[in-house]
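The next block holds one structure in the form of structure tokens; read it before the comments.
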Amino acid sequence: MATAVVVSAAALPAAPSPSPVRYTPRRAALRDVPQLHAALLKSGELTTSPESFHSFLEATALPSSATTAAHLAYAIRLLRLGPHPPLSARSYNILIRAFFRAGHPEDALHLFVEMLGAAIAANVCPDQHTIANTVKSCARIYALATGRSVQAYAVKLGFMADQFVLNSLIHMYASCGDIVAAKVLFNAVEEKGVVTWNAMIAGYFKNGDWKEVVEMFKGILEVQAPFDEVTLVSVATACGKIGDSKLGERIGDYAEEKGMVRNRNLATALVDMYAKCGQLDKARRLFDRMHSRDVVAWSAMISGYTQADRCREALAIFNKMQATEVNPNDVTMVSVLSACAVLGALETGKWAHSYIRRKALPLTVVLGTALVDFYAKCGCIEDAVKAFESMPMRNSWTWTALIKGMASNGRGREALELFSSMREANIEPTDVTFIGVLLACSHSCLVEEGRRHFDSMTQDYGIHPSIEHYGCMVDLLGRAGLIDEAHRFIRNMPIEPNAVVWRALLSACTVHKNVEIGEEALKQITPLDPNHSGNYILLSNTYASVGQWKDAAMIRKEMNERGIKKIPGCSLIELDGTIFEFFAEDSDHPQSREIYEKVDEMIENIKMAGYVPNTADARLDVDESEKQVSVSHHSEKLAIAFGLMKSRPGATIRLSKNLRVCVDCHAATKLISKVYNREIVVRDRNRFHHFKDGLCSCNDYW
DNA sequence: ATAGGGTTAG
């Protein structure tokens, strides 16, 4: 009896509340271990009773949150140096399991090898427990070849009928990507238990085959095979990934009904599933009802908001998390940075970066890429480069993020140089990389390079252009003024052009005042995307730019008749870590009056520097002076005025807006940067504008 | 004694 050994159960610290599923051994605080050891030595039990020895080993080595490297070191010294009873498989098994659970699968494998040596010397033979635990370690480090040789032992020793051995092997093969080997074993198991099914499902899960996870579960239901919480965790998560909200919801309801949502992992999986199926508020209600939330639960909720483009709420919930005992990890910070990137929340994101450094969170490829992307999307391209260079590992996503960042910050040449370096580093570009490359060309008017890369994409890399690539090309040609060529390009596309492609052409027509093709473009867009206000506004502005006021007014009238509302312009500005949101003609802000006064002052000042209001993009139903007032209340100007009021002199003003910068705001902002001696960085829908000393980084080409 | 589970980037 194991209990007979331990000096006194009362001498041991109470175990934390045991999880309902897993076996939780008695544990000893490190300072109690020698005492326990001494007592066992003194009574002689340590050497005479194998049961006592094993029990002591378990108490010392089996990990809990309190287990340290010192515990493991103590146990391994005891095993190697003794004194102890003649060693058995059991002693090795305890340590193999301990090292595995403590996150040292390699050491577990070393112990297995050591055990095989001992097998020769002292007649210690691996048993089914040894095999199962060793196989688990192989799975953890993706040691497929090693796993196969362990299976050879299992065959040789006749353990292949053991459920535990079989299940661990199925799991090992599946998680190492050898799904065929896993399936062969799975099919060979006659009595499939719930764990057998789960191991196979987990295999498909690990390989990202969400559809097959769902299919297997449907198979389970069909043959009425057993399933449990663990099954549902995988299946619910898979439902989220493929957007199967019907099955997801059934699982959610079932879990509620059976009280399974008390299982934290399952509740977390359901939160994730609801969020990914677009039921964010349902996800939140479940999250709020959870009894305890660990870092994964918090991260799931935060990423749910980020992925649903509700980034301010993502940051709000991150703030709540910080008031708890749970510490964010690298995964949490990925979502946080991604939210900051979307919002252009530079201060908050910088804080996140410093947190990562302070806590020495592992700079994984994903986290590093999120950092690069964040800095690039906040217009801090130098910091993006620094983050890129500080990463120990980069992949194609990382390079792509920086290339796109360079492109949208108007540094096309550098983006193309980066692309060359990427190739020299032997990182395979993807379809998205080429979108970055083509954007770089179009934002910097590099027409020849763009054509070359577009052709090379298919010829040299076998990547077939998607509609987005075609859109970039139309944009590139159109912006460069090659409107006819762009139009021909669309007509020769092998796939149906969509509204985005035609809109790129239309927008080029607006810039280059081409009424004829602009009309054609709108005609093509209307059936594809009838309710997008931008289309009408672009053509109306094209008419206005060549003085066809009647036609311009007619288009606006048509818009009104069809009940199409202009998307309100919206600008975000972050000051001292708080994000302020402005709409055109906004009067919601408590300091509205001061802000409008500041706008008037700003306009007067830049007029003295030569500003002439450009009302081509203004509403048409009012007279000229009203038009001037209306453009002066564009959301950008309100946000800039607020920024001037609230930041110290000379500080850079950064804002991000939902539409593209209008001609008037662009001209005004250039002058504001000069008159107020401020750098102003504006992120619009498409790209960045860095205003300084009366000039813009886009060279007025956007 | 033993097997299976949730969150992340372009």
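Sequence lines set the chain letters: A, B, ... in the order given, protein chains first and strands last, and positions in each chain run from 1. What you see below is based on every heavy atom in this structure, not just the backbone, and it leaves out hydrogens, waters and symmetry mates.
- Atom OH of A/Tyr92 and atom P of B/dT2 are 22 Å apart (whole Å).
- Ring centroid separation for the pair A/Phe112 and A/Tyr92 does not come in under the 6.0 Å cut-off.
- With rounding to whole Å, A/Arg97 atom CZ is found 7 Å from B/dT2 atom C1'.
- At a cut-off of 3.5 angstrom, the base of B/dG6 holds no donor-acceptor pair with the side chain of A/Ser234.
- At whole-Å resolution of the value, CG in A/Asp431 and C1' in B/dG10 are 10 Å apart.
- Closest approach to the A/Val432 side chain among B/dT8, B/dG6, B/dG10 is made by B/dG10 (side chain taken as heavy atoms from C-beta onward).
- Counting any heavy atom pair closer than 4.0 Å across all strands shown, A/Ser396 reaches a base atom.
- When distances are taken from the side chain of A/Arg90 to each of B/dA1, B/dG6, B/dG10, the shortest belongs to B/dA1.
- Taking the six-membered ring where the residue is Trp, the centroids of A/Trp399 and A/Phe388 are separated by under 6.0 Å.
- Across the protein-nucleic acid pair, A/Ile302 atom CD1 and B/dT7 atom C1' stand 10 Å apart, rounded to whole Å.
- Contact annotation: A/Lys241 reaches the phosphate of B/dT8 (side-chain N/O to OP1 or OP2, under 4.0 Å).
- No engagement by A/Thr332 is indicated, since no non-hydrogen atom pair under 4.0 Å with the nucleic acid exists.
- In this model, no side-chain donor or acceptor of A/Asp373 finds a partner on the base of B/dA9 within 3.5 Å.
- Aromatic rings from A/Trp298 and A/Phe318 are positioned such that their centres are separated by 6.0 Å or more.
- Atom CG in A/Asn207 sits about 16 Å away from atom C1' in B/dG5, given to the nearest Å.
- OP1 or OP2 of B/dG5 sits under 4.0 Å from a side-chain N or O of A/Lys206.
- Distance from the side chain of A/Ala202 is smallest for B/dG5 among the nucleotides B/dG5, B/dG10, B/dT7.
- Rounded to whole Å, the distance from CE on A/Met273 to P on B/dG6 is 15 Å.
- For A/Val334, the listed nucleotide lying nearest its side chain is B/dT8; candidates were B/dG5, B/dT8, B/dG6.
- A/Phe318 has its CZ atom 14 Å from the C1' atom of B/dT7, to the nearest Å.
- Residue A/Val233 has its side chain nearest to B/dG5 when only B/dG10, B/dG5, B/dT8 are considered.
- Counting non-hydrogen atoms under 4.0 angstrom, A/Ser303 reaches the backbone sugars and phosphates but no base.
- Using a 4.0 Å heavy-atom criterion, one finds that A/Val165 contacts no nucleic acid atom at all.
- Of the candidates B/dT8, B/dG6, B/dG5, the closest approach to any side-chain atom of A/Val296 belongs to B/dG6.
- Across all strands, A/Asp228 comes closer than 4.0 Å to base atoms (heavy-atom distances).
- Ring planes of A/Phe227 and A/Tyr254: tilted class, angle from 30 to 60°.
- Side-chain N/O atoms of A/Gln307 include one lying less than 4.0 angstrom from OP1 or OP2 on B/dT8.
- Counting heavy atoms from C-beta on, the side chains of A/Thr237 and A/Met273 never come closer than 4.5 Å.
- A ring-centre distance under 6.0 Å is found for A/Phe186 and A/Trp197.
- A/Asn327 has its CG atom 21 Å from the P atom of B/dT7, to the nearest Å.
- Side chain of A/Lys276, nearest nucleotide from B/dG10, B/dT8, B/dG5: B/dT8.
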